[in-house]
Amino acid sequence: MKTVLITHEDCLDHVTPPGHPEQVARMDAVWRALDGLDLTRVTAPMAARDDVLRCHPVDYLDALEKAAPEEGWVSLDADTHMSRGSLAAAWRGAGGAVRAVDMVLGGEARNAFVAMRPPGHHAETATAMGFCFLGNVAIAAKHALEHHGLSRVAIVDFDVHHGNGTQDLVESDPRILFCSTHQSPLYPGTGAASETGVADNVVNVPLPEGTKGAAFRAEVEAKVLTRVADFAPELILISAGFDAHADDPLAGLSLVEGDFAWITEALCDLAADLCHGRVVSCLEGGYDLEALGRSAAAHVTVLMEHANG
Ligand SMILES: [Zn+2]
């Protein structure tokens with residue numbers, strides 16, 4: 001089997017103001033980097049409303065629809081801007097994550113990478129923030145539990161920012177283990193190690209500015225991989241943000257492509273042991289276009305090496 005790449009050109013219609021780091025060019029950078037790879041390419045569908053409603057209330061979805069502009073931008077907070085095409089892109093981001101889960105659990109693929117923007121891991125139950133509107137990974141996790149009948153799903157988020165939205169959406173559900181490595185202090189300010197969820201199902205690993213690959217790997221081994229193994233998930237979801245890269249303009253960790261390949265390898269190895277290799281990875285951040293492309297390619301190359309395992 002091949003690794004599935006799920007994406008959609010609607011991502012290009014989510015336009016942010018000039019100079020905004022979460023820009024259309026990110027998508028081109030990722031697509032270009034993955035261009036020559038032997039992947040099964042699938043178009044991201046719009047998410048089904050019932051899938052999104054497991055995470056976000058109808059009032060919030062209605063408010064987003066009402067706020068969407070015909071032209072220009074509407075700012076939901078200082079960082080989060082909506083253009084005419086933003087909601088379609090967001091709904092395809094969630095739909096792509098759900099489709100990836102369907103394909104991996106349905107045996108059509110061993111693993112998948114969902115290359116979409118806007119990202120999702122900062123979107124809380126009823127609050128768009130941090131460039132995010134819908135909690136793609138949380139929506140995918142709940143779909144795996146409720147639609148496919150799984151009992152345990154693990155989410156590992158290695159974006160440089162804490163996945164406060166994912167945590168908000170899953171911390172009260174003991175069927176979901178959420179592990180996040182992130183720089184601290186940094187936006188959004190949450191993600192202390194003391195935040196552990198309703199059933200010790202949240203694992204936060206704050207890292208100081210300047211953390212390099214060796215220290216990152218040691219922390220992941222000690223605090224994330226052991227917990228995922230103990231949890232024995234039936235599916236591993238990844239929030240794959242590449243903004244912990246040393247070249248990233250928004251943060252101060254010092255990872256390189258090899259570190260993203262390493263954690264991908266570690267999670268694929270765990271998945272092979274625990275859950276038939278089932279891994280679904282969703283793009284989150286990553287704002288240096290060159291580093292983003294190289295990192296995404298390193299990540300997906302490891303997924304591909306495990307797709308036939
Ligand atoms: Zn980020």
Side-chain angles (χ1 to χ4, degrees), residues 11 14 16 19-27 29-30 76-81 86 89-90 93-94 97 113-124 127-138 155-170 178-192 195 202-211 213 216 219-220 224 237-257 259-260 263-264 281-296 298-299:
C11 289
H14 167 50
T16 50
H20 195 285
E22 207 291 278
Q23 56 184 308
V24 171
R26 295 181 64 237
M27 215 63 255
V30 171
L76 302 180
D77 69 13
D79 309 308
T80 313
H81 312 280
S86 297
F113 182 59
V114 185
M116 298 289 288
R117 62 177 287 277
H121 75 149
H122 293 306
E124 296 186 342
T127 308
M129 60 181 281
F131 319 158
C132 303
F133 302 91
L134 300 177
N136 303 331
V137 163
I155 302 171
V156 176
D157 182 332
F158 58 73
D159 188 280
V160 79
H161 303 97
H162 177 237
N164 62 294
T166 306
Q167 179 171 305
D168 181 53
L169 292 167
V170 310
F178 175 61
C179 303
S180 175
T181 58
H182 43 271
Q183 182 181 332
S184 178
L186 189 69
Y187 181 90
T190 49
E195 299 166 21
V202 170
V203 179
N204 280 308
V205 183
L207 302 167
E209 184 174 3
T211 296
F216 169 78
E219 287 287 281
V220 169
V224 175
L237 300 174
I238 301 176
S239 264
F242 300 106
D243 43 8
H245 195 285
D247 293 345
D248 198 274
L250 295 197
L253 294 195
S254 295
L255 303 191
V256 295
E257 296 88 301
D259 298 310
F260 297 121
I263 190 169
T264 309
S281 174
C282 297
L283 178 65
E284 300 284 359
Y287 304 100
D288 179 89
L289 298 179
E290 295 299 319
L292 169 63
R294 293 197 308 271
S295 301
H299 176 64

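Treat the numbers as computed from the prediction; the structure is a model and nothing was measured. Order of appearance sets the numbers: ligands from 1, and atoms from 1 within every ligand.
Closest approach between the Zn ion (ligand 1) and any N/O/S atom of D243 involves OD2. Minimum-distance N/O/S atom of D159 relative to the Zn ion (ligand 1): OD1. Looking at H161, its N, O or S atom nearest to the Zn ion (ligand 1) turns out to be ND1.
D243 contributes a side-chain N or O that, together with a main-chain N or O of V160, makes up a donor-acceptor pair within less than 3.5 Å.
Side-chain contact check for S239 and E284: at least one donor-acceptor pair (N or O, by modelled atom type) lies under 3.5 Å. Side-chain atoms of N164 and H162 form no donor-acceptor pair, as typed in the model, at a separation below 3.5 Å. With 3.5 Å as the limit, one finds no donor-acceptor pair spanning the side chains of H299 and E257.
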